[in-house]
Structures are given as structure tokens and as C-alpha cells.
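Since we're looking at a predicted model, the values are computed, not measured. We use all heavy atoms of the structure for the numbers below, so side chains are in, but hydrogens, waters and symmetry mates are not.
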Amino acid sequence: MPPKVEKEHLNVVDIASSDDDGDAQTVARKQASSLGERQLRRNISSPEIPQSSGPITPPALPSGETLDSRSFWKAGNYVIGPTSKPALLEGALEHARVHPKFLHSNATSHKWAFGAIAELMDNAVDEIQHSATFIKVDKIDIKMDNSPGPALLFLDDGGGMDPVLLRKCMSLGYSSKKSNTTIGQYGNGFKTSTMRLGADVIVFSRSTRAGKATQSVGLLSYTFLRRTGQDDVIVPMIDFDISGHWAEPIIYSTHDDWSSNLKTILEWSPFSLKEDLLLQFDDIGPHGTKIIIYNLWLNDEGIYELAFDDDDEDIRLRDEALREATTKVLKKTVELQSHISYRLRYSLRAYASMLYLRKFNNFQIILRGKPVQQFNIADELQYPKVVTYKPQVAAGSKECSVETTIGFIKETPTNVSGFNVYHKNRLIRPFWKVKSDGSVIGNGVVGVLEADFIEPAHDKQDFERSSLFVRLENRLKQMVHEYWKGHCYLMGYQPPGFAAKQKKLLANQHNNSSNFPAGGKQDSRDEQPGLDVPDVVMPEGDLASTSVDQLCEENIQLFMRCEEKAQKEAELKQTIEELEKGLEDMRKKCAHLSSLLESKRKQKVT
């Protein structure tokens, strides 16, 4: 038999798609909701949970839960029960509702879990304009459904959110970030990123605006919505006025409605007591935001998608290819896997180190208690060259120019190559290979650029494929070929067209040698008087091998001499320009002196 369902009056907030500015009273509303009896109690776990050193075991699933419901890519496959249309208030307009399944389908825009974590980091980085100095990303241990498990913690000391901003954060499509420097712009990042990482998220935020200090709690729980059979996304929230000596509840309708919101939060969050809930504000300080994502998603094997035990100072994705590679691999494969271009696929610390192009002055990303050292790949290039590209923007748009730093990567396998493309300081496409696969051209060539003139996709892991993007891709291909043609010899490669010229030269040498008969003398018809031809024959194989080695060595020497001559030529041109300028100055002085002498002569005559 299904569990008994009791009716409770719950003051909740609908997630709606809105760009309107409004106060908390207009955002919050009352709605009746059916809440089932809770089968299991939830409370916070002890600070330390022993970690197993043996093989990884899947976490225990609570009663009524299946592996499919805890695996992200299958969590949206549940049966929808009969839905009821809520009665409209008198004079109210019909509005579109958002089914809880939309939270899951919306989050599938993030194919990569680290992309979702980066979205939450971006929110903290955007708070630098409000004096934020850090974002902490860590793993904490909690108990849900009497079973211990990991949760993700994000904590920053930015400006925080007042009740109005928190409700806008929980809404779909609203964004107040209109600055040219802020990364967020679609108003969808918080919902997609948190739901991509776990089924549930609770948010704590403190803020002071217009002289009023507030603290708010909001719960976005896919588990709550699914288990209670909701057909509309509702988010319970509570707010406190902390301007005085203690926290006073902010009541928008009745105290019973406020208490219903609190009760729902306590039942469906890791904090079963109000005191435990309020203790979460202690490490926020006077302003800032704390996000806890729990019921983290599992992979198809029933193991947590994120690995916390492989490295105490990192968060990793479970990379089966890496595990297999540790048994029997070639030296080149080991070198490749140790390079950041490979490590950023599964190491959050490696990815975060490259996530932002310019180094922060007074801001830190603290991952599991240790600051992340920012890394600019442009500092690791050999023979770097800066190429300026001016995209053809639409008529009426502001013209811009993009500087691309390109060069050979230092001491890495040759198959590491590609462009690291940033947008508003944020990495969008790391090591983007624009050259054709299988071609030696571009091996080891890496570039860095910031392309603010094209728009990133919603998951910020790629760009919208516009005409501007296609033109940029073609220009980068051309850039690789031009750089390779002028610099590949410095790394021991043959420049394009060298092999064809070499074959032609060897063919000419072969033809010349074949004109000599076996006796070593020219044919009598071509014999010239007075010309003594030595009676020695050189084997063709030795001639070819010797010629190739000599030509390769001579080619490198010639290119180096060309570089030296080009540099000397540039210096000579500069010297000539300086001499010409000095000569012109002397001519002006001579003309001036001549005019003075002429005037003095005229004065003597008079």
C-alpha cells in the first residue's frame, strides 16, 4: 500500500522564467502541496568518516531508490503520476508551470561535470567586483537517509544575496549581470550546474543592502519534488532580518507559512534541526554565500562520479583510461598523461589552474584547503610569436583586435597541440586542434587567445557556431601553417615542400650519374677533347644516403643563417633609418645656419 499522505499548507516559491524586477513579496506566493510521510530521518554526520583503503564499493541506496534514480543520465526516467491543475485565485492569470523533469533535462547541457563546477566558480569570480577574495571548493561528509555520503561545498565571501536576489537566483533565465567583465549572462548557470552535480542543493547567503542585513536559506531538491510527486517546481525558502542582536524571521504572509517552509527544509536537507541549520552561517561571515550539493550522482557502476579519495588535495573524475594506462604504457604515453593538457580532463586542480587567463591580484581559488596556483600556458612556449587578428564584426559593432600568442610547447610530446581560447578571461576551449588529424604540420604548436567577439554556448565548453566563429577557425588554421613554415626547422622538422625539392635534387644527381657507362668514361659521342674523366663509379645507394644526410644538415644550417641574416638586415635597416634621420637633422641645421649667415651679410652691406 502507498504511504499515507497528509495535507500541509506550504509557502513556496515557483521557479518561473522572468526578467522582471520585483520585491520578495511579489516573488513569494502560497501554494498547496502534498507531502508524504518521511520514511527516514536525516541528520548531520560526525566530522570524520573512515575511508576504505580497499576496492571502491557503491554507496548504499535508501529505501525506494534505484541505481537509475541516482545516476544522472537516467534520473529523468521516472513515471509521472496524475497531475492536478491548481485553482486560480480570483483575477489571477494562467501561467506556464515547469515540471521537475525540466530541472534534469536542463542540466544535461553540461556533458562534463567539471564544466558545472566551473559555473559555480564563475559566480564567485563575478563577485570580485563586490570585494570577494576567495572561493572555497571542498568535500564534506553528511548523513542522508541514515547513510553517510559526500557532499560538495562552495563558499565565497562576496556580496551575498538578499531575499530578492536569492529568489531571482532560483528562477530560470534571470540575470542581473550586465557588465562587460562578468562571466555569467544567461541566468541559468546555477540551476544547470547544481543539478548536474547532485540531486539536491541548499543555499545559505548573507547580505547587507540599503542598511538592512539579512540571511536566507533556499532548498532546490529534485529528490523532494520527485518523491512527493510534484508537477511544478517549488522551492521552499526562509529569510531572517539580522540587523539587530538576533535573527528575526521575515514574514511575507503568515507565520504558519514560514514554519511550513522551515519544516520542509529540515525534512529534506542534511540538517534536521533548526539550530544545525543556522550554524551553517557561522563560517560565512558578514556577507557571502555557501552552497552545499548533496545526493551526488553515481556513474553506471553505482560509484560516485566524482572521486575524493585519490588525492586529498584534489577532486577527480573517475578516468578508466588512466587506470588502464598505469599498468603497461609507452614512455610517450606517460609523458602525455603527465601534461596539463591531459590532466585537466580528470583533475579539478589542473583544470582550475588554467580556467582564468589573467592572474588574480586579491582572489584565490582554494581547493580542498590548498590554494590553486594559476597557470598560463603562454609562459611555457618556445619561440613565441604574437599574431594580431582583426575579426570582421557586424556593421555598427565596435571594431576589435585579438592578440594570439603562438609557439612550441616546452618538453612535451609532439601530439600536444591546439589553441586555448578564452572568453572574458574564462577558458572555453582548451587545446582546440584546428589542424587535420594525421598531419605533422602543427605538432607541438600551442596558442592562447581571448575571443570576446564570439558568444560561448550555454555550458561554456564551446562557442556558438556563427560566421564569426567559422572565420576565426579558418584564420587559426592559417596561423598554424604560417608559424610552422617559418619555425618548424627550429624543432628539427622539415619545412613544407622540402621533401619534394629534395627528391628533385636527388633525381637530377641520379640522372647525371647515369650518363656515365660502366667503364667510368663518357660515351664517345659526348666526349669533349681535353676533358679527363676519372675511372671511378660511386654506388647509387651510397650517393642517395649521403646526399640526404648532407642536405638535411645543410638545410638546418641555411635556415639558421637566414634567420641571422634577417635579424642583421632588420638591424641595418634600423641603423639606416637612424642615419637618415640624423642626416635630415643636419640638413635642417645647415639650412638654418646658411640663413643666419645670409642675414648677417645683408646687415654688413647696409
Side-chain angles (χ1 to χ4, degrees), residues 40-62 65-67 69-75 107 110 112-121 135-156 193-204 219-224 268-272 276-277 279-280 283 290-320 323 346-349 351-352 365-370 372:
L40 299 168
R41 297 296 299 170
R42 303 157 177 81
N43 50 17
I44 200 74
S45 70
S46 57
E48 295 184 1
I49 294 179
Q51 303 293 338
S52 173
S53 59
I56 301 173
T57 57
L61 298 178
E65 290 284 300
T66 64
L67 178 58
S69 66
R70 291 298 308 276
S71 300
F72 174 72
W73 297 106
K74 300 176 182 178
H110 281 293
W112 192 41
F114 282 175
I117 294 178
E119 284 271 12
L120 298 173
M121 289 184 181
I135 167 71
K136 292 182 179 179
V137 183
D138 211 338
K139 168 226 177 187
I140 60 174
D141 296 310
I142 62 170
K143 267 189 179 179
M144 288 295 298
D145 297 304
N146 288 336
S147 178
L152 269 177
L153 168 71
F154 296 84
L155 175 66
D156 70 67
S193 57
T194 53
M195 292 294 99
R196 173 62 183 86
L197 297 169
D200 310 296
V201 57
I202 186 168
V203 182
F204 304 86
L219 176 70
L220 180 59
S221 173
Y222 188 64
T223 304
F224 157 68
W268 292 95
S269 78
F271 313 103
S272 59
D276 292 337
L277 190 73
L279 281 175
Q280 300 306 308
D283 54 353
K290 182 178 185 178
I291 299 170
I292 298 176
I293 304 172
Y294 55 102
N295 282 331
L296 301 179
W297 297 117
L298 311 179
N299 61 16
D300 292 339
E301 287 73 34
I303 304 171
Y304 285 111
E305 186 179 18
L306 299 175
F308 302 98
D309 302 331
D310 295 343
D311 189 338
D312 292 338
E313 296 178 348
D314 199 2
I315 297 174
R316 296 188 173 184
L317 291 176
R318 302 196 185 277
D319 194 298
E320 299 300 329
R323 291 184 180 182
Y346 65 88
S347 167
L348 181 60
R349 181 168 293 276
Y351 178 54
I365 300 173
I366 303 173
L367 177 58
R368 303 198 72 179
K370 181 178 179 181
V372 173

| note | Sequence neighbours excluded, the answer for side chain to side chain contact (heavy atoms under 4.5 Å, CB included) partners of A352 is M121, V372
| query | D312: what forms a side-chain hydrogen bond (donor to acceptor under 3.5 Å, both in side chains) with it, not counting sequence neighbours? | reply | none
| task | Output yes when a side-chain donor or acceptor of D314 lies under 3.5 Å from a complementary backbone atom of S347, and no otherwise. | result | no
| Considering residues at least two apart in sequence or located in another chain, which fulfil the side-chain hydrogen bond (donor to acceptor under 3.5 Å, both in side chains) criterion with Y351? | Q461
| query | Does the pair K143/D141 count as a salt bridge with the N-to-O cut at 4.0 Å? | reply | no
| F154 side chain reached by I117 side chain, heavy atoms, under 4.5 Å | yes
| field | Sub-4.5 Å side-chain heavy-atom contact between Y304 and N299 | value | no
| field | Residues forming a side chain to side chain contact (heavy atoms under 4.5 Å, CB included) with I140, sequence neighbours excluded | value | I142, A151, L153, I292
| field | E305 and R316 ion-paired at < 4.0 Å | value | no
| For R368, salt bridge (charged side-chain N to carboxylate O under 4.0 Å, His left out) partners two or more places apart | D138
| said: Within the structure provided, determine whether R318 and E301 are in side-chain contact (heavy-atom separation under 4.5 Å). | reply: no
| Distance-minimising heavy-atom pair for S193 and A116 | CB-O, 3.2 Å
| message | Any heavy-atom pair between the side chains of V203 and L220 that's under 4.5 Å? | response | no
| remark: Applying ring pair (Phe, Tyr, Trp, His ring centres under 6.0 Å) to F114 and not counting sequence neighbours gives W112
| message | So L120 and L197, do their side chains get closer than 4.5 Å, heavy atoms only? | response | yes
| What closest approach, in Å, do R196 and A113 show between heavy atoms, and which atom pair accounts for it? | NH2-N, 3.9 Å
| Shortest non-hydrogen contact from S269 toward I202 | CB-CD1, 3.8 Å
| query | S221: what forms a side-chain hydrogen bond (donor to acceptor under 3.5 Å, both in side chains) with it, not counting sequence neighbours? | reply | D200
| Set of residues satisfying side-chain hydrogen bond (donor to acceptor under 3.5 Å, both in side chains) with respect to K290, sequence neighbours excluded | Q280, D283
| field | Heavy-atom side-chain proximity of V137 to I315 below 4.5 angstrom | value | yes
| query | With a 4.5 Å limit on heavy-atom distance, are the side chains of D156 and I291 in contact? | reply | no
